[in-house]
Number of protein chains: 2
Amino acid sequence: MPLDNHPIIRKIESIARLSDEEREVLRHLPVSIRDYERRQEIVREGESPVHSCLLIEGFASRFKLLEDGRRQILGLHVPGDIPDLQSLHLHRMDHHLATVSPCRLGFIRHHDLNEMNARNPRIAAILWRVTLIDAAIHREWVVRVGQRSARQRMAHFLCEMFLRLEAVGLAVNGRCVLPLTQADMADALALTNVSVNRMLVQLKKDGLIALEGRLLQVLNWGGLMRSAHFDPGYLHLNPERVISTLSVPRVHSGDAGAAASR
Amino acid sequence: MPLDNHPIIRKIESIARLSDEEREVLRHLPVSIRDYERRQEIVREGESPVHSCLLIEGFASRFKLLEDGRRQILGLHVPGDIPDLQSLHLHRMDHHLATVSPCRLGFIRHHDLNEMNARNPRIAAILWRVTLIDAAIHREWVVRVGQRSARQRMAHFLCEMFLRLEAVGLAVNGRCVLPLTQADMADALALTNVSVNRMLVQLKKDGLIALEGRLLQVLNWGGLMRSAHFDPGYLHLNPERVISTLSVPRVHSGDAGAAASR
DNA sequence: CGGTTATTTGATGGGAATCAAAGGTTGTGG
DNA sequence: CCACAACCTTTGATTCCCATCAAATAACCG
């Protein structure tokens with residue numbers, strides 16, 4: 001099954017099992033591919049798109065702009081995601097969608113999706129589920145922004161991104177590429193770029209991560225999770241597909257305690 | 001059509017049009033009614049419910065508990081809502097659901113919902129849409145908690161609750177019942193009860209609202225919206241059904257400016 | 001390379017948290 | 001119907017985390 005490397009199938013299989021038939025149906029959906037540069041708009045708030053897009057390569061972000069120009073990022077999307085699937089049934093966009101890095105997107109007409117869904121209730125349910133996981137991530141986003149300290153937010157965010165990337169095969173050996181600026185992370189975490197920078201410095205100093213350019217290396221997964229109070233349940237990853245290259249170290253590294261307290 | 005007063009139908013018709021047939025199908029779903037007292041758990045994090053519940057009367061809240069006992073409320077639900085509809089396809093609860101006030105709930109088996117959905121793709125799409133609106137509210141919740149000042153959060157929250165109650169006929173003449181303690185609002189807004197109290201005092205002083213016990217009276221809808229920078233788009237209410245008893249006053253009441261600036 | 005964009009570090013200030021305690025309200029049982 | 005307890009609201013004083021302001025590198029890119 002070499003074609004299982006197709007991003008949407010990888011992604012969906014990380015959260016649900018597919019029959020060969022269903023894989024076939026998905027593979028044959030008409031998709032028009034288009035490449036975007038970094039920081040291009042895909043859909044704007046207020047629009048009523050007639051497609052949804054599958055993110056094939058690159059990172060995208062959903063955000064709202066405030067009256068004074070501040071930006072709150074509501075979610076980040078990685079290959080395999082369908083960042084505006086909600087527009088299938090919510091006809092007016094209530095937020096923006098834009099690329100963060102150069103992206104390849106596959107656009108699928110709502111018409112085709114609706115037809116597929118009417119014929120394949122099981123696939124419809126899986127896509128519904130995809131949007132529900134999206135909502136689950138939104139909920140954790142609320143908690144992160146509402147209740148967590150700057151340091152916890154940063155660590156929690158890195159945990160989430162790492163696991164989501166791992167689920168689609170984009171993180172190996174504790175390493176992944178995060179094509180985000182610190183200002184991007186600030187808008188995601190409701191912090192300033194200054195605070196983001198300071199927290200990253202801390203996490204590095206504490207030996208939890210290394211970060212050079214856009215390459216993130218998780219040095220101490222257990223410590224990172226603990227200092228974030230991270231619980232991956234909300235990602236609703238399929239346990240069988242979670243690669244978990246990162247065993248939680250049993251060591252009481254002392255550092256983790258320090259991490260939690262500061 | 002007197003039965004249109006049935007809460008689920010009122011609610012769904014506030015966001016989508018139903019055929020008589022569809023109304024029929026919905027009315028005949030097996031529902032088992034159960035009454036709850038104030039502050040009772042309905043579903044706990046970690047459980048895998050086999051029902052979803054329709055909130056017929058009362059208020060419910062969804063929340064996560066943190067390691068130290070803090071609570072972040074992720075959403076409040078009003079009659080007509082189906083607060084755990086997501087459990088239909090996300091089998092493990094990633095948060096708690098509990099009553100805020102005494103409630104009457106109607107439980108519908110997932111089995112029955114799935115059967116209905118497989119047979120009625122249009123109803124399935126409407127229910128999907130219900131969960132998507134839920135997610136849209138989560139997104140605005142992120143913005144509120146992430147970017148708004150204490151005063152804006154409070155005003156924004158009141159705007160949202162008022163419109164949602166109005167959409168199901170539970171707000172008239174600018175008045176509605178909000179059976180929440182200030183501590184509840186604090187957990188929703190990621191503030192302390194002290195701050196909530198201070199902001200409520202401010203909003204009263206500025207003549208935007210009156211609040212006696214659990215009865216909220218909106219005195220200046222335009223001013224309240226402006227001081228919250230509230231834009232109702234994210235609620236995805238059906239424009240035809242939005243009652244809007246509250247015309248936005250064209251007066252530049254001076255107060256609104258003061259409201260925005262402080 | 002020069003110019004823009006991104007990261008890093010230091011100094012200062014403010015908005016809301018925290019701490020503390022006094023009033024109100026509600027409900028229950030004597 | 002009063003009294004007491006539990007809960008909720010209100011107000012004041014103090015603290016602290018992170019935003020803000022400022023400026024010096026460093027990295028990227030055409």
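In what follows, every chain begins at residue 1, and chains take the letters A, B, ... in the order their sequences are listed. Hydrogens, waters and symmetry mates play no part in the numbers below; they use all other heavy atoms, side chains included.
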What is the distance from CE of M185(A) to P of dT5(C), rounded to the nearest Å? 19 Å
For Q86(B) and R139(A), test the side chains for any donor-to-acceptor distance below 3.5 angstrom and give the result as yes or no. no
Between R39(B) and D184(B), is there a salt bridge with N-O shorter than 4.0 Å? yes
Would R34(B) pass as a cation-pi partner of Y36(B), given that its NZ or CZ must be under 6.0 Å from the six-membered ring centre and within 45 degrees of the axis? yes
Rounded to whole angstroms, how far apart are CG on L211(A) and P on dA26(D)? 17 Å
Heavy atoms under 4.0 Å, any strand shown: does R148(A) hit a base, just sugar-phosphate, or nothing? nothing
With the side chain of T181(B) defined as its heavy atoms from C-beta on, choose the nearest nucleotide among dC7(D), dT9(C), dT9(D). dT9(D)
Rounded to whole angstroms, how far apart are CG on D68(A) and P on dA19(D)? 14 Å
Heavy atoms from C-beta onward define the side chain here; which of dA17(C), dT9(C), dC8(D) lies closest to that of T192(B)? dA17(C)
Please work out if R214(B) contacts a base, only the sugar-phosphate, or nothing of the nucleic acid, heavy-atom cut-off 4.0 Å. sugar-phosphate
Send over the distance from M199(B) CE to dA16(C) P, rounded to a whole Å. 6 Å
Have a look at R70(B) and say if it touches a base, only the backbone sugar-phosphate, or nothing, with a 4.0 Å heavy-atom cut-off. nothing
Could you point out which residue of M185(A), R148(A), M199(A) forms a side chain to side chain contact (heavy atoms under 4.5 Å, CB included) with F157(A)? M185(A)
Just the rounded figure in Å: distance from P of dT9(C) to CG of N193(A). 13 Å
Measure from the side chain of R198(A), starting at C-beta and using heavy atoms only, and say which of dT11(D), dA11(C), dC8(D) lies closest. dA11(C)
Is it true that K64(A) and D231(B) have a side-chain N and a carboxylate O under 4.0 angstrom from each other? no
Starting at CG of D187(A) and ending at P of dA6(C), how long is that distance when rounded to a whole Å? 12 Å
Q182(B), nearest nucleotide to its side chain (from dT9(D), dA17(C), dC18(D)): dT9(D)
Using only side-chain N and O atoms of K204(B), determine if any of them is under 4.0 Å from OP1 or OP2 of dT10(D). yes
Respond yes when some side-chain nitrogen or oxygen of R153(A) is under 4.0 Å from OP1 or OP2 of dC17(D), and no when none is. no
Among dA16(C), dT18(C), dC18(D), which nucleotide has an atom closest to any side-chain atom of S149(B)? dA16(C)
Side-chain N or O of N197(B) closer than 4.0 Å to phosphate OP1/OP2 of dT9(D): no
For L191(A), answer base if it contacts any base atom (sugar-phosphate contacts may also be present), sugar-phosphate if it contacts only those atoms, and nothing otherwise; contact means non-hydrogen atoms under 4.0 Å. sugar-phosphate
Using a cut-off of 4.0 Å on non-hydrogen atoms, how would the nucleic acid contact of A186(A) be classed: base, sugar-phosphate, or nothing? nothing
Separation of atom CZ in R39(B) from atom C1' in dA6(D), rounded to whole Å: 13 Å
Between V196(A) and G213(A), which residue's closest nucleotide on DNA chain D lies nearer the 5′ terminus? V196(A)
In this structure, how many angstroms lie between the P atom of dT11(D) and the CD atom of Q202(B), rounded? 12 Å
So that I can tick it off, tell me whether E160(A) and R164(A) are bridged by a salt bridge, with the cut-off set at under 4.0 angstrom between side-chain N and carboxylate O. yes
Of the nucleotides dG10(C), dT11(D), dT7(C), which one has an atom closest to the side chain of V194(A)? dG10(C)
